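Heads up, the thing below is written out as structure tokens.
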Amino acid sequence: MQLDDIRAFSADQERGSWFDLLDPVTGKETGVRLKRAGPDSEAQNRARLRLADDLSEVADADGRVSAEARERARIDSLARCVLAWEISEDGQPLPFTHANVVRLLKAAAWVQAQVDAFASDRAAFRRAG
């Protein structure tokens, strides 16, 4: 591997990669697709930095952060790494907004788990070739 290869891999992660959300019981595709930035992308780096800032802001005088505040910040950070999506609500395409991504992530823990697992899988962001 050379520097050019490393830079190309990082660029691929910044562009993101699509994945299909799978039914947690059957493993079949749900029809919901998300495009996530890779673990070495600048998008994920910015999300990690924002997470640290958000946690600092809600810490008490002793530096403690409530579990509820940590969970809100974690979901917010996870949502910041979603770059696009294909999803509908009531038969209509749902607009891609940060607030709507947060709504999706809060809808079920299995959604969060799949989004997080995909985003941390470097192999999912390597182009064939």
Side-chain angles (χ1 to χ4, degrees):
M1 184 175 271
Q2 298 182 26
L3 179 56
D4 293 345
D5 299 320
I6 294 169
R7 291 177 64 193
F9 186 48
S10 293
D12 287 344
Q13 290 192 43
E14 191 63 34
R15 277 188 288 279
S17 187
W18 286 95
F19 81 100
D20 294 292
L21 200 61
L22 304 178
D23 182 286
V25 176
T26 66
K28 294 181 180 177
E29 293 179 0
T30 62
V32 174
R33 296 185 74 219
L34 298 140
K35 187 176 190 181
R36 283 280 289 161
D40 301 313
S41 66
E42 192 55 36
Q44 279 211 37
N45 186 53
R46 284 189 307 271
R48 282 188 295 272
L49 293 173
R50 175 75 182 263
L51 174 62
D53 287 344
D54 289 349
L55 291 172
S56 293
E57 288 176 12
V58 297
D60 66 15
D62 294 324
R64 291 181 301 230
V65 178
S66 72
E68 184 178 325
R70 271 195 313 275
E71 181 65 1
R72 271 194 313 272
R74 184 188 68 80
I75 290 172
D76 187 66
S77 181
L78 190 59
R80 290 188 186 289
C81 300
V82 176
L83 305 175
W85 69 1
E86 296 172 2
I87 187 172
S88 60
E89 183 175 49
D90 296 325
Q92 299 296 317
L94 188 61
F96 178 71
T97 65
H98 180 75
N100 280 340
V101 175
V102 168
R103 277 182 56 218
L104 171 65
L105 293 171
K106 286 182 174 181
W110 62 267
V111 173
Q112 296 171 33
Q114 286 186 36
V115 172
D116 197 26
F118 180 80
S120 63
D121 179 11
R122 284 180 175 87
F125 296 90
R126 180 159 305 212
R127 280 190 282 179

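All figures in this text were calculated on a predicted structure; none of them were measured in a lab. Computation of the quantities below employed the complete heavy-atom set of this structure, encompassing side-chain atoms and omitting hydrogens, waters and symmetry-equivalent molecules.
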Min side-chain heavy-atom separation [X]-[Y] under 4.5 Å:
X: Phe19; Y: Arg36; value: yes
X: Pro95; Y: Asn100; value: yes
X: Arg103; Y: Glu89; value: yes
X: Arg80; Y: His98; value: yes
X: Leu22; Y: Thr30; value: no

Counting distance only, does the side-chain N/O of [X] pair as donor-acceptor with the main-chain N or O of [Y] below 3.5 Å?
X: Asp60; Y: Asp62; answer: yes
X: Ser41; Y: Gln44; answer: yes
X: Ser56; Y: Ala52; answer: yes
X: Glu29; Y: Leu21; answer: no
X: Asp90; Y: Gln92; answer: no

Next item on the list: Examine Val101 and Trp110 and state if one hydrophobic cluster contains both, with Ile, Leu, Val, Met, Phe, Trp and Tyr joined whenever side-chain heavy atoms are less than 4.5 Å apart.
Entry: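 Yes, one cluster joins them.
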Notebook entry, point to check: Are Val115 and Leu83 connected in the hydrophobic side-chain network, where two residues link if heavy atoms are under 4.5 Å apart?
Noted result: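 As far as the 4.5 Å side-chain criterion goes, Leu83 and Val115 are not connected within one cluster.
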If I compare all heavy atoms of [X] with all of [Y], which pair ends up nearest, and what's the gap?
X: Val82; Y: Phe96; value: O-CZ, 3.3 Å
X: Ala69; Y: Ser66; value: N-OG, 3.0 Å
X: Ile75; Y: Leu105; value: O-CD1, 3.7 Å
X: Ala73; Y: Leu55; value: CB-CD2, 3.8 Å
X: Ser77; Y: Ala47; value: OG-O, 3.4 Å

Margin query: Assess, by modelled atom type and distance only, whether the side chains of Gln112 and Arg74 contain a donor and an acceptor separated by less than 3.5 Å.
Written below: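 Distance-only check passes for Gln112 and Arg74.
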Checklist line | Asp40: side-chain contact (heavy atoms from CB on, under 4.5 Å) partners, not counting sequence neighbours | finding: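 If we apply the side-chain contact (heavy atoms from CB on, under 4.5 Å) test to Asp40, skipping adjacent residues, the hits are Phe9, Gln13, Arg122.
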At what distance, to the nearest 0.5 angstrom, does [atom1] of [X] lie from [atom2] of [Y]?
X: Leu104; Y: Leu78; atom1: CG; atom2: CG; answer: 9.5 Å
X: Arg70; Y: Arg72; atom1: CZ; atom2: CZ; answer: 11.0 Å
X: Trp18; Y: Leu34; atom1: CH2; atom2: CG; answer: 7.5 Å

Next item on the list: Give the intermediate values and the outcome of salt bridge (charged side-chain N to carboxylate O under 4.0 Å, His left out) for residues Asp54 and Arg50.
Entry: CA-CA 6 Å; Asp54 289 349; Arg50 175 75 182 263; 3.2 Å; yes
Item checked: Stepwise salt bridge (charged side-chain N to carboxylate O under 4.0 Å, His left out) test for Asp12 and Arg15 -> CA-CA 5 Å; Asp12 287 344; Arg15 277 188 288 279; 2.4 Å; yes
Next item on the list: Report the C-alpha distance between Lys28 and Asp23 in whole Å, list the side-chain angles of each, state the deciding distance to 0.1 Å, and finish with yes or no for salt bridge (charged side-chain N to carboxylate O under 4.0 Å, His left out).
Entry: CA-CA 5 Å; Lys28 294 181 180 177; Asp23 182 286; over 6 Å; no
Notebook entry, point to check: With sequence neighbours excluded, what pairs up with Glu42 under the side-chain hydrogen bond (donor to acceptor under 3.5 Å, both in side chains) test?
Noted result: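 With neighbours one apart ignored, the set is Asn45.
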